[in-house]
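This report refers to the structure that appears directly beneath it.
For clarity, every value in this text was computed on a predicted model and none was experimentally measured.
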Amino acid sequence: MLYIGVDLGTSAVKLLLMDSEGKIQNIVSREYPICFPRPGWSEQNPEDWFRETMNGLKELLADCDRSQVAGISFGGQMHGLVILDDKDQVIRPALLWNDGRTYEECDYLNQVIGKEKLSEYTANISFTGFTAPKILWVKNKEPENFARIRKIMLPKDYIAYRLSGVHCTDVSDASGMLLFDVKNRCWSREMLDICGVREEQMAKIYESYEAVGTVLPKVAEELDIPASVKVVAGAGDNAAAAVGTGTVGDGMCNISLGTSGTIFISSEKFGVDKHNALHAFAHADGHYHLMGCMLSAASCNKWWMDEIIGTKDYASEQKAIGKLGENHVYFLPYLMGERSPHNNPNARGTFIGMTMDTTRADMTQAVLEGVAFALRDSFEVAKSLGIRIERTKICGGGAKSPLWKKIIANVMNIKVDVIESEEGPALGGAMLAAVACGEYGSVEEAAAKLVKVIDTVEPTPEIAAKYEERYQQFKEIYPACKPLFEIIK
């Protein structure tokens with residue numbers, strides 16, 4: 001049988017076709033636009049997602065036996081607000097995960113409602129990217145649109161709805177809305193009341209590996225696939241990537257270098273960081289996870305290469321980078337503000353330490369190192385909880401860079417395992433579809449059988465020691481700059 005994974009990313013949708021043995025048969029990517037109406041704002045049209053998903057599915061399945069397609073599932077950008085009216089039409093463009101306009105609503109939630117209450121209700125505090133403050137923003141700034149809301153959805157769930165006709169979500173994606181009782185895996189009535197919405201306006205909750213239904217007849221006809229194809233709930237992009245990298249069960253770690261960057265730690269037990277510096281979410285394997293998320297990771301390198309240097313030849317730029325751990329230039333990778341662990345939408349990207357002998361390669365190296373240092377900030381929080389991590393998997397576009405993997409291994413001073421397929425959320429989605437269709441008995445079984453480590457990047461003690469000194473300097477820069485960010489916002 002064949003299984004489809006759909007990774008609804010920020011800049012493109014990636015679709016992956018996997019067979020019963022876990023072999024990838026085809027991969028297709030389709031781009032769509034993103035709109036920045038004002039500084040710090042970020043929106044997309046959900047119709048663009050669905051159009052390019054359908055076009056991508058047709059391309060993905062063009063040369064296969066479509067009668068063998070059994071299931072389709074998802075990984076997707078989290079936190080985005082999709083609101084539908086009573087005719088299931090999109091009311092306004094979706095507010096995305098990296099949209100920073102909700103700082104007033106976040107202040108209200110964190111300061112007036114209170115972080116302790118939020119953590120009690122949802123296991124998390126408010127961040128500008130989360131869905132609940134977006135709902136309050138619409139309520140406060142666009143009351144006419146708020147009054148029209150009949151369904152509140154997340155980005156990937158809108159695609160699942162268009163394919164199946166079911167308003168659905170999964171526990172991992174719902175965890176990032178600040179509307180979900182993570183410990184008990186249900187909607188938080190208290191948070192719904194705070195946001196002024198009713199439970200019937202929310203999607204039905206599923207475990208990530210559960211089928212929500214089958215494809216609609218018109219979808220089956222258009223794609224020429226069986227009407228029995230299961231549509232499976234799927235997971236938020238980071239949880240789906242964790243499935244795709246085998247980061248399931250207890251005490252496993254994955255670092256994702258996508259548009260955003262994450263450090264993801266799976267756990268069989270529910271737990272909350274007392275300072276809420278890390279997110280505590282439900283995992284796609286039926287358990288839980290802790291996650292630190294930075295808003296700009298591989299996108300920092302893309303910005304530096306595409307917009308500033310003006311090149312697409314990323315590899316050549318990295319070849320010019322010399323000794324590791326000796327760079328005198330630092331970069332704060334906060335181009336869209338920052339989430340973990342600073343929770344500051346006003347933070348901005350910053351270079352510091354340049355001199356007359358600073359080179360182009362130094363600046364490029366600083367960008368790569370800045371992302372690694374920022375990931376370590378969250379890693380340090382995990383260590384403070386007594387969590388011991390000696391190795392991690394890695395995925396995302398940035399993981400294709402051998403240099404970046406080496407930098408991360410030495411900055412973190414842990415082993416970095418490279419897996420056979422670095423397809424992240426798309427592969428995780430296909431694996432969840434296979435579990436839902438009975439191909440595997442559990443997510444853990446699928447991961448054990450399908451995920452293979454092919455290489456390990458180990459830290460070099462000498463380089464790791466140099467990076468330790470550099471990191472101690474790096475972590476002093478943000479506190480020093482924070483007052484300036486409040487002025488120049």
Side-chain angles (χ1 to χ4, degrees), residues 3 5-7 16 18 22 71-76 78 123-124 154 156-157 160 168-176 180-186 205-212 230 232-256 262-272 278-293 382 387 389 391-395 417 419 421-453:
Y3 304 97
V6 178
D7 174 17
L16 179 148
M18 182 187 83
I72 180 171
S73 190
F74 313 88
M78 298 178 67
N124 296 278
L154 293 163
K156 78 172 194 332
D157 302 327
C168 59
T169 192
D170 82 285
V171 294
S172 71
D173 215 356
S175 294
F180 189 68
D181 179 345
V182 173
K183 183 177 182 179
N184 297 303
R185 302 170 101 85
C186 62
I205 301 165
Y206 293 83
E207 291 292 337
S208 299
Y209 48 81
E210 290 183 326
V212 307
K230 291 183 178 181
V232 181
D237 51 5
N238 293 297
V243 172
T245 60
T247 311
V248 296
D250 197 41
M252 302 291 284
C253 183
N254 179 58
I255 289 173
S256 176
T262 60
I263 181 165
F264 185 109
I265 303 164
S266 61
S267 175
E268 291 185 355
K269 296 180 180 179
F270 171 77
V272 180
L278 300 180
H279 305 321
F281 289 169
H283 194 5
D285 63 0
H287 301 299
Y288 299 93
H289 69 87
L290 292 171
M291 183 175 71
C293 179
I387 298 171
I389 301 170
R391 64 197 315 136
T392 183
K393 306 279 181 54
I394 193 165
C395 69
D417 290 326
I419 58 175
S421 173
E422 297 180 4
E423 299 305 333
L427 178 59
M431 290 167 64
L432 291 169
V435 173
C437 293
E439 193 74 53
Y440 301 97
S442 67
V443 177
E444 290 93 334
E445 179 187 331
K449 291 184 177 180
L450 300 182
V451 179
K452 299 176 178 62
V453 174

Do Asp237 and Lys156 sit within salt-bridge range, that is, some charged N less than 4.0 Å from a carboxylate O? no
Side chain to side chain, Asp285 and Glu444, heavy atoms closer than 4.5 Å: yes
For Ala123 and Val182 the tightest heavy-atom approach is CB-CB, 4.1 Å
Kindly give the heavy-atom pair with the smallest separation between Tyr206 and Ala211, and that separation in Å. CE2-O, 3.8 Å
If you look at every heavy atom in Tyr209 and Val232, which pair is closest and at what distance? C-CG1, 3.9 Å
Do Phe180 and Ile205 come within less than 4.5 Å of each other through their side chains, counting heavy atoms only? yes
Donor-acceptor pair, side chain of Ser175 and main chain of Ala282, under 3.5 angstrom: yes
Pairwise distance CE(Met252) to CG(Asp250) - rounded to 0.5 angstrom: 10.0 Å
For the SG atom of Cys293 and the CG atom of Leu278, what is their distance to the nearest 0.5 Å? 11.0 Å
All heavy atoms of Leu427 vs all of Ser421, minimum pair found to be CD2-OG, 3.8 Å
Using the side-chain contact (heavy atoms from CB on, under 4.5 Å) rule, take Leu290 and Ile387 through it: C-alpha gap first, then chi angles, then the decisive distance, then the call. CA-CA 11 Å; Leu290 292 171; Ile387 298 171; 3.7 Å; yes
Please answer whether the main-chain N or O of Thr245 pairs with a side-chain N or O of Lys393 as donor and acceptor at a distance below 3.5 Å. yes
After noting the C-alpha distance and the side-chain angles of Val248 and His287, does the key distance pass the side-chain contact (heavy atoms from CB on, under 4.5 Å) rule? CA-CA 9 Å; Val248 296; His287 301 299; over 6 Å; no
Atom NZ of Lys452 with >12 non-hydrogen neighbours under 6.0 angstrom: yes
State the OG-CD1 distance between Ser256 and Ile263, to the nearest 0.5 angstrom. 11.5 Å
Closest heavy-atom pair and its distance - Ser73, Leu432: OG-CB, 4.0 Å
Quick check for you: to the nearest 0.5 Å, what is the distance between Met291 atom CE and Cys253 atom SG? 12.0 Å
What verdict does the side-chain contact (heavy atoms from CB on, under 4.5 Å) test give for Asp7 and Leu16, after you've listed the backbone C-alpha separation in whole Å, the side-chain angles of each residue and the deciding distance to 0.1 Å? CA-CA 8 Å; Asp7 174 17; Leu16 179 148; over 6 Å; no
Output yes when a side-chain donor or acceptor of His283 lies under 3.5 Å from a complementary backbone atom of Thr247, and no otherwise. yes
Could you tell me whether the side chain of Asn254 reaches within less than 4.5 Å of the side chain of Cys395, counting heavy atoms only? yes
At their closest point, which heavy atom of Val171 faces which heavy atom of Glu207, and how far apart are they? CG2-OE1, 3.6 Å
Rounding to 0.5 Å, atoms CE (Met431) and NZ (Lys449) come to a distance of 11.5 Å
Donor-acceptor pair, distance only, cut-off 3.5 Å: does the side chain of Ser266 make one with the backbone of Gly249? yes
Please round to the nearest 0.5 Å and tell me the distance separating atom CZ of Phe264 and atom NE2 of His289. 4.0 Å
I'd like to know if the side chain of Thr262 reaches the main chain of Gly292, judged simply by a donor and an acceptor atom lying under 3.5 Å from each other, with no hydrogens or angles considered. no
For the side chain of Ser267 and the backbone of Tyr288, is there at least one donor-acceptor N/O pair under 3.5 Å apart? no
